[in-house]
Amino acid sequence: MFSQALNREVWFSFGQQFQHYCYLRFPFLFKNVFMKRRRRIEDLAVQRIERLFELAEAEARDEREQRSKRYIELARAIGMRYRARIPKHLKMRLCKRCYALLIPGRNARVRLRGDYMTTTCLRCGEHIRRPYKASQAPSPRRRGENEK
Amino acid sequence: MKITPSNLLRHELIGLKINVDESSNSSVRGLGGTVVDETRNMLVIENEQKNEKSIAKAGNQFIFELNGEVHVRVKGDRLISRPEDRIKK
């Protein structure tokens, strides 16, 4: 009787029930599993974003604006869905208004103005300013240390 | 981590070389080229003459070429979902 009742499927379902019980009773034990899964997903998302930017740049240099735009759209959608940030060096190359991929000399103008660099998107006219000098002003708290 | 057969289903399909292996539609069978765009149910393929063709994912079988060496045969039904949703599947 037992040999029939405790066949493989029954054991398997026991295992699943036990696992589910553990999950409800001791959720902290599963933290590692979730973190691992999330990290894997984020890693994949960043890889896909980088790949899409590569493709978008290639298409933009081939003068196929529509496709380039579509790839950036997809990359942004992936970033938003999985809370993966678009890497900083890529984010700097996007127009913040029309999300065009900026290629200096083609659809962007880069000028140095005092302490910051201005990138002008030639499609929509947006100026994107970025400082390129570390601020030199000593903080008032640290004044004593600086004088020494 | 590169694109491999194990993570192909979750990775980016755009830019890969593709061949339609099996299809119930005889005019689509044997088409090849690079993937140019992807929607929930379709793949847009561009061939060497720069002609675009959109092919349904459902019911077709594709062969993807990864990194110029590995060939993977994939059932199109497993690819059905929006490109940004495919990571979590």
Side-chain angles (χ1 to χ4, degrees), chain A residues 23 30-91 93-94 98-101 103, chain B residues 1-19 31-57 62 64-72 74 76 78-89:
Chain A
Y23 169 60
F30 288 78
K31 195 183 166 194
N32 214 353
V33 177
F34 288 131
M35 287 304 289
K36 256 185 196 165
R37 186 180 141 83
R38 205 181 141 194
R39 218 169 293 142
R40 205 191 62 215
I41 285 174
E42 271 180 21
D43 186 36
L44 260 179
V46 171
Q47 278 177 47
R48 278 182 76 170
I49 289 170
E50 280 172 355
R51 179 95 182 97
L52 279 167
F53 266 82
E54 260 174 49
L55 291 164
E57 192 180 344
E59 295 292 348
R61 289 196 191 277
D62 269 8
E63 296 190 349
R64 273 176 284 194
E65 290 280 314
Q66 284 297 321
R67 261 185 217 170
S68 168
K69 214 175 171 184
R70 167 79 180 144
Y71 294 166
I72 298 288
E73 194 186 310
L74 282 174
R76 273 170 45 76
I78 288 170
M80 282 188 269
R81 176 77 33 110
Y82 300 104
R83 283 194 229 159
R85 293 192 177 196
I86 296 175
K88 210 171 184 185
H89 63 282
L90 297 177
K91 204 174 194 176
R93 306 195 54 198
L94 281 185
C98 65
Y99 300 115
L101 189 72
I103 301 173
Chain B
M1 202 167 74
K2 258 184 169 180
I3 179 162
T4 56
S6 58
N7 69 9
L8 172 67
L9 289 180
R10 301 195 186 87
H11 219 289
E12 195 54 59
L13 298 183
I14 293 175
L16 294 180
K17 285 196 173 163
I18 196 177
N19 257 308
L31 283 180
T34 49
V35 184
V36 165
D37 202 351
E38 185 187 355
T39 58
R40 204 191 109 103
N41 289 318
M42 300 281 242
L43 285 173
V44 183
I45 294 177
E46 187 184 69
N47 65 5
E48 281 147 21
Q49 287 84 42
K50 305 271 174 195
N51 296 325
E52 283 182 12
K53 206 145 209 181
S54 21
I55 297 171
K57 288 176 184 173
F62 303 100
F64 287 96
E65 190 186 315
L66 314 182
N67 310 323
E69 322 158 355
V70 193
H71 294 261
V72 191
V74 178
R78 298 187 65 184
L79 296 173
I80 293 177
S81 68
R82 281 182 290 172
E84 67 262 29
D85 287 341
R86 213 149 28 78
I87 295 183
K88 234 177 194 175
K89 243 186 159 187

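Below, read A as the first sequence line, B as the second, and so on, with proteins coming before strands; counting in each chain starts at 1.
Ranked by non-hydrogen atom pairs under 4.5 Å with chain A, the options B/R10, B/R82, B/E12, B/K88 are led by B/E12. Counting heavy-atom pairs closer than 4.5 Å to chain B, the top residue among A/R67, A/R51, A/M80 is A/R67.
Residues of residues 68-79 of chain A that come closer than 4.5 Å to chain B, counting heavy atoms only, are A/R70, A/Y71, A/L74, A/A77, A/I78, ordered by residue number. Of all residues spanning residues 53-65 of chain A, those with a heavy atom less than 4.5 Å away from chain B's heavy atoms are A/L55, A/R64, arranged by number. For residues 37-46 of chain B, heavy-atom neighbours of chain A at less than 4.5 Å comprise B/D37, B/E38, B/T39, B/E46, sorted by residue number.
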Task: Stepwise salt bridge (charged side-chain N to carboxylate O under 4.0 Å, His left out) test for A/E42 and A/R85 - done: CA-CA 9 Å; A/E42 271 180 21; A/R85 293 192 177 196; over 6 Å; no
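With sequence neighbours left out, B/P5 forms a side-chain contact (heavy atoms from CB on, under 4.5 Å) with B/L66, B/V70, B/V72.
In this structure a side-chain-to-backbone donor-acceptor pair under 3.5 Å is present from B/N47 to B/N51. In this structure, the side chain of B/K17 does not engage the main chain of B/T34 through any donor-acceptor pair within 3.5 Å.
Within the 4.5 Å cutoff, the side chain of A/R48 has no heavy atoms near those of the B/E84 side chain. With a 4.5 Å cut-off on side-chain heavy atoms, B/N19 and B/H71 do not count as touching. A heavy-atom distance below 4.5 Å is not found between the side chains of B/V36 and B/I14. In this structure, B/K2 and B/N67 have side chains that are in contact, with non-hydrogen atoms separated by less than 4.5 Å. Within the 4.5 Å cutoff, the side chain of B/V74 has heavy atoms near those of the B/L8 side chain.
Summarising the geometry, atom CD1 belonging to B/I3 is positioned 9.5 Å from atom CG belonging to A/L44; distances are rounded to the nearest 0.5 Å. To the nearest 0.5 Å, atom CZ of residue B/F64 and atom CG of residue B/L13 are 4.5 Å apart.
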